[in-house]
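Here the structure is laid out as structure tokens; the discussion comes afterwards.
Heavy-atom basis, side chains included; hydrogens, waters and symmetry copies ignored. Start at 1 and go down the list; that is how both ligands and their atoms are numbered.
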Amino acid sequence: MADLNTDILVAGAGLNGLAVALLLAETGASVIIVDPLSEKQLSDPNRDWRTTAIAQGSMRILDRLGVWQTDWLGGAIREIRIIDRDSPFYLHYPGDWLNEGALGCVVPNSSLWNSKFEVVSATPRIKLISGTSISSTEQLTSTVRAELSDSQIVNARLLVGADGRGSPTRQRAGIKERRSDYGQISIVTTAAHQFPHGNSAHERFMASGPFAILPLPDNQDSDAPWPHQSSVVWTEGNLQAARLLELERESFDRELAIRFGDQFGHVCSVGPVGSFPLALVTAEKMIGPRLALVGDAARAIHPIAGQGFNLGLRDSAELAMRVGERLELGLDPASPDILSAYQAARFMDAAGLVTATDSLNKLFSNSLPGLTLVRSLGLAAVDKAPPMKRLLMKHAMGLAGQSAALAGTKAV
Ligand SMILES: Cc1cc2nc3c(=O)[nH]c(=O)nc-3n(C[C@H](O)[C@H](O)[C@H](O)COP(=O)(O)OP(=O)(O)OC[C@H]3O[C@@H](n4cnc5c(N)ncnc54)[C@H](O)[C@@H]3O)c2cc1C
């Protein structure tokens with residue numbers, strides 16, 4: 001077998017692997033993506049039936065890449081309500097507040113993956129080698145030489161690790177990780193409900209973790225008693241989650257209805273109920289010789305703010321921008337200064353979200369007397385302070401500072 005030569009080799013064809021490949025190909029780079037799963041496994045809608053809340057800034061990047069589909073707007077988030085347990089105070093973001101369209105949009109992961117895959121397949125500069133993984137890599141002077149599990153050799157100028165939270169690429173490069181288990185599990189399901197959600201997203205902080213209700217388009221075809229549906233990300237401590245996951249569906253639905261309250265009328269779960277143990281995993285660094293990490297391979301954060309994929313997409317956009325500039329000048333796209341600049345540019349955004357999600361989870365999953373009052377007053381205070389409220393939302397939408405530039409738009 002003759003060696004394959006490419007500008008960029010991407011390990012991982014997950015949501016971030018396909019995104020970074022598309023963004024890099026947009027700059028003129030040739031890209032090979034490798035993933036141990038077969039194409040059939042990767043595109044199977046049952047592999048990852050979760051949904052992802054896509055921030056407005058990410059919607060713009062996906063639109064530019066030709067991935068965005070307008071019918072996803074049925075899951076648009078036009079309003080957000082954040083509440084602490086049963087407190088009468090809450091933080092409310094009305095939809096038209098920033099005049100920037102939807103605050104975000106909830107998209108099924110399988111639709112997102114398949115839409116990206118369609119664009120990848122139609123991009124001649126990208127080749128996906130599925131059902132194969134990288135067995136070993138060797139740094140040469142101007143390339144990295146990767147041997148795949150089927151003995152194929154790929155020579156690339158830059159290796160991008162987009163192979164998830166346990167990233168074998170990160171481990172092979174000897175980059176240490178910091179890991180702290182949250183002792184929590186996110187239970188994920190879809191709920192059908194009697195009343196429409198009005199494209200409103202709700203997050204209620206409970207003692208054991210956040211309970212999020214995210215709008216989905218109505219489903220007229222399902223056997224559910226009501227067409228209105230929302231995605232649910234329900235975080236509990238490990239023991240309580242294990243108890244809930246063992247319940248018969250009817251008892252599970254009773255518990256679900258208690259968390260929902262009565263604003264959506266009757267509620268029941270439809271489709272699968274899945275569980276995701278939560279840990280904060282951060283790589284000590286995002287780069288190595290001829291290596292850059294993106295997405296969960298660089299850090300996997302708590303889903304409390306629905307930001308993990310959005311953050312990874314901004315890694316990819318930043319990396320592609322820097323690599324593209326070098327390729328245009330005919331220079332090495334993986335020189336140490338370029339990779340260091342990439343890492344430095346991603347520091348504030350990533351460190352900010354790691355800290356914010358970690359602290360929010362600790363602050364709100366705490367029943368210390370007095371804290372409840374402080375939290376409620378905090379939410380009420382932000383609600384009544386438009387500049388602070390606006391700043392937080394700009395960040396959450398991926399429309400602040402450098403994030404806005406990566407989305408190809410002006411900061412709002
Ligand atoms: C409950 C929950 C809810 C979430 N909700 C949101 C949300 O609403 N919004 C948001 O922005 N984020 C959300 N996230 C985070 C988001 O799901 C992740 O950040 C994102 O899916 C990570 O994608 P990735 O491509 O980096 O990694 P992965 O999805 O883990 O993909 C890694 C890929 O690498 C491949 N791979 C593995 N080993 C190798 C190897 N040796 N060589 C090559 N490839 C390999 C795998 O097969 C896989 O295809 C949520 C997370 C959780 C747990």
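Looking only at atom types and distance, the side chain of D7 has a donor-acceptor partner in the side chain of S30 under 3.5 Å away.
Taking 4.0 Å as the cut-off between side-chain N and carboxylate O, D253 and R249 do not count as a salt-bridged pair. Under 4.0 Å is where a charged nitrogen must lie from a carboxylate oxygen, and between D337 and R322 no such pair does.
Under a 4.0 angstrom heavy-atom cut-off, P36 registers as being in contact with ligand 1.
At the shortest separation from atom 38 (N) of ligand 1 among protein heavy atoms lies P168 CG, 3.8 Å.
The neighbour count for D71 CG, taken as heavy atoms of other residues, nucleotides or ligands under 6.0 Å away, is above 12.
The residue from T51, N16, D35 that puts a heavy atom closest to atom 5 (N) of ligand 1 is T51.
Atom 29 (O) of ligand 1 lies below 4.0 Å from none of the non-hydrogen atoms of the protein. Distance remark: protein heavy atom not present below 4.0 angstrom from atom 14 (N) of ligand 1.
Under 4.0 angstrom from ligand 1, the non-hydrogen atoms of R50 all belong to its side chain. Under 4.0 angstrom from ligand 1, the non-hydrogen atoms of V34 all belong to its backbone.
When the options R346, R314, E318 are evaluated for a side chain to side chain donor-acceptor pair (under 3.5 Å) with Q402, the one that passes is E318.
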